[in-house]
Protein chains: 2
Amino acid sequence: MTQQRVARRTGRRTQQERSSTTTLQLLNSARKLFARDGYTATSLDAICDAAEVTKGAFYHHFKNKEQLFRAVYEREQQDLSSAIAQEYSHYNDPWEALFQGMREFLVGSMEPTRQRITLIDAPGALGWEAMREIRTDCRRMMFYGLSQALGKGRFPRHEIESLTSMVYGAQCEAAMAMAHADDPDELLESALRQFRFLFDSIRRMSPTSQP
Amino acid sequence: MTQQRVARRTGRRTQQERSSTTTLQLLNSARKLFARDGYTATSLDAICDAAEVTKGAFYHHFKNKEQLFRAVYEREQQDLSSAIAQEYSHYNDPWEALFQGMREFLVGSMEPTRQRITLIDAPGALGWEAMREIRTDCRRMMFYGLSQALGKGRFPRHEIESLTSMVYGAQCEAAMAMAHADDPDELLESALRQFRFLFDSIRRMSPTSQP
DNA sequence: CAGATTACGTACCGATAGTAGGAAACTGCA
DNA sequence: TGCAGTTTCCTACTATCGGTACGTAATCTG
C-alpha cells in the first residue's frame, strides 16, 4: 500500500526509458502474482506495490486490469511460440518436426507460472473470443505443421482445421495433466508416444481416405 | 437491489419446501446470469434480485459465491454425464458405445450456456484441482470406455490414463470450436470422423504394441 | 401453546477496480 | 539556458461488491 520513490535512479532518463522500465516492472510483477494467486485474487495495489509503481502510473500505461493480464498472456504465448518455431525448424521430415514442436510445447507448458496464466486463468479472464484471437500463433503453427505433414491439397481445409483444434486440445490437456502428476516426465513420454502413434497411423493411411 | 416479498405463496410450507425452492431459484438465476455475463462480472446482488431472494437467504444456503458457482457447475456436469451414460448403454460394441457417448458429449456441450459455464469459466473460478475432482464423472466414464474398448489388462494403467486426458482434451476443444463455428454441424461431423479414425487405428493395432 | 430450531431480512464493513485532477519529469525550440 | 508543451507519474477520492452481524419471522417438536 505505502508507496514511495526508492533510490533515485541515475540523474536523467528519457521518456522512452521511463515508460519501458515501469511497464516492464509492471509486467514482471503481474506475471509473478497472477501465477501465484490467480487473476481475480491478485489486486492492482499488490501488483503496483511489487512493481514499486503507483496506480496512477499503471493507469497511464494500461487501460485496465484485463489489459494488463492480456499483455502478460501475450508475452508468455510469444515466448512459447518462438521456442516451438525454432525447434520445428531443426527437422526436415515434417512429421518429425511437428512432433518435436509438440514436445517443445509440452515441456514449455510444464512451468507452473506459464501454465497457470495461459491454461487456467486466461479463458475466464479474456473470454473465448479474445483467446482464439491471440492463440492464433500457436494454432497457425500447428495448422501449418499438420498441413505440411499431411501433404498439400490432399485434405479439405476444414478437415485440417478441425484436426488442428483437437490435437491442440489434446496437447493442452496433456500439459495440464503433467503439471499436476506425480511423475510428470513419465506422463510426458506417454503423451508423446501416443501422439507418435496417431501420426504414424495417419501417415500409414492411404492418401485417399479421410484423416 | 430493491427486494420485497412477492405474492405470498399458498399459506403454509414446510422448511424443506422453503429451502429447496429458494436454492432452486438461486441456482437457476445464477446459471442464467453466469452464462450471460461470466462468473466475475455477475454480482451476487444481481443473482439474488433475479431469484427474488435476499442476500441473507443466499448466505444461509451457500457458503459464498464460489460455492454457488460450484453447485451450478456440478448440476450441469451431472446432467451431461447421465445423458452420456444412457447413450453409452445402448450399444454393445465397446468402441461404438464410446463413440456414441462422445457424440452425446459434443452435442450436449454445444449449448452456449453449458459451454460458458463448464468450459470457459470453471477452470479459473474453481481452480484446476477442484475441476479435476468434479470432472471425475466424465473422465471416469471415458476411462472406463477406453479400458473396455482396449481390452482388459492389455495396456498399463497410466498409459490409459494419459490417453484419457488427451482424448478428453480433444473433445473439449472440439466442443469449444463448434460453439463458435460458422457451421457447427459440419465441424461436429468432422470431429467425429477423426475420432472414428483414431479408434479404428487403435483397433487395428497389434495387441502387443503401444497405443 | 411454548420453546427451540430453521429460514430469511437489513444494515453495515473492508477491499478493490477505476477516476479526477494536479505535480513532477522530460522534450524541443528560441 | 530558459521556457512552453507534452508525457509520465502521484494523491485522494468514489462506487461497487463480496461478506458479516445480528435481529425477525416462519416452522417444528413436544
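Sequence lines set the chain letters: A, B, ... in the order given, protein chains first and strands last, and positions in each chain run from 1.
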- prompt: Taking only side-chain nitrogens and oxygens of B:T22, does any of them come within less than 4.0 Å of OP1 or OP2 of C:dC8?
  reply: yes
- line: Taken in chain and number order and not counting sequence neighbours, the residues that satisfy side chain to side chain contact (heavy atoms under 4.5 Å, CB included) with A:A50 are A:S29, A:L33
- prompt: Between C:dA7, C:dC26, C:dC8, which nucleotide gets closest to the side-chain atoms of B:H61?
  reply: C:dC8
message: Checking contacts here: which listed nucleotide (D:dA26, C:dT16, C:dC26) is nearest the side-chain heavy atoms of A:R18?
response: C:dC26
query: Is it true that A:E129 and A:R135 have a side-chain N and a carboxylate O under 4.0 angstrom from each other?
result: no
query: Does A:S43 have any side chain to side chain contact (heavy atoms under 4.5 Å, CB included) partners at least two apart in sequence or in another chain, and if so, which?
result: A:D45, A:A46
Interatomic distance, B:F69 CZ vs D:dG19 P [rounded to whole Å]: 14 Å
- prompt: Once you round it to whole Å, what is the distance between P of C:dT16 and CG of A:L33?
  reply: 12 Å
message: Can you measure B:D45 atom CG to C:dC12 atom C1' for me and round it to whole angstrom units?
response: 13 Å
- prompt: For A:T42, which contact category applies under a 4.0 Å heavy-atom criterion: base, sugar-phosphate, or nothing?
  reply: sugar-phosphate
query: Taking the nucleotide of DNA chain D with the closest heavy atom to each, which residue, B:S43 or A:S19, is nearer the 5' end?
result: A:S19
message: Going by side chain to side chain contact (heavy atoms under 4.5 Å, CB included), name the residues that satisfy it together with A:A179, two or more places apart in sequence or in a different chain.
response: A:Q115
- prompt: Does OP1 or OP2 of D:dC28 have a side-chain N or O of B:R12 closer than 4.0 Å?
  reply: yes
message: Distance check needed: D:dT7 C1' versus A:Q15 CD, whole Å only.
response: 5 Å
query: Would one find a side-chain N or O of A:T14 under 4.0 angstrom from OP1 or OP2 of C:dC26?
result: no
- prompt: Strictly under 6.0 Å, is that where the ring centroids of B:F99 and B:F195 end up?
  reply: no
Distance below 4.0 Å between B:H60 side-chain N/O and C:dC8 OP1 or OP2: no
task: Ignoring backbone atoms, establish whether A:T54 has a side-chain N or O less than 4.0 Å from OP1 or OP2 of D:dC9.
output: no
Give every pair of a protein N or O atom and an N or O atom of nucleotides 18-20 of chain C that lie under 3.5 Å apart, one pair per line with the distance.
{"unit_1": "C:dG18", "atom_1": "OP2", "unit_2": "A:Y59", "atom_2": "OH", "d": "3.3"}
{"unit_1": "C:dG18", "atom_1": "OP2", "unit_2": "A:K65", "atom_2": "N", "d": "3.1"}
{"unit_1": "C:dG18", "atom_1": "N7", "unit_2": "A:K55", "atom_2": "NZ", "d": "3.1"}
{"unit_1": "C:dG18", "atom_1": "O6", "unit_2": "A:K55", "atom_2": "NZ", "d": "3.0"}

statement: For residues 86-99 of chain B, the salt bridge (charged side-chain N to carboxylate O under 4.0 Å, His left out) pairs (sequence neighbours left out) are B:D93-B:R203, B:E96-B:R196
- request: By nearest nucleotide on DNA chain D, pick out whichever of B:Q16 and B:A41 is the more 5' one.
  value: B:A41
- prompt: C:dA24 P sits how many Å from A:R13 CZ, rounded?
  reply: 17 Å
Residues which pass side-chain hydrogen bond (donor to acceptor under 3.5 Å, both in side chains) with A:E133, listed by chain and number, not counting sequence neighbours: A:R70
statement: When rounded to whole Å, the CG to P distance for the pair A:D49 and C:dA15 reads 14 Å
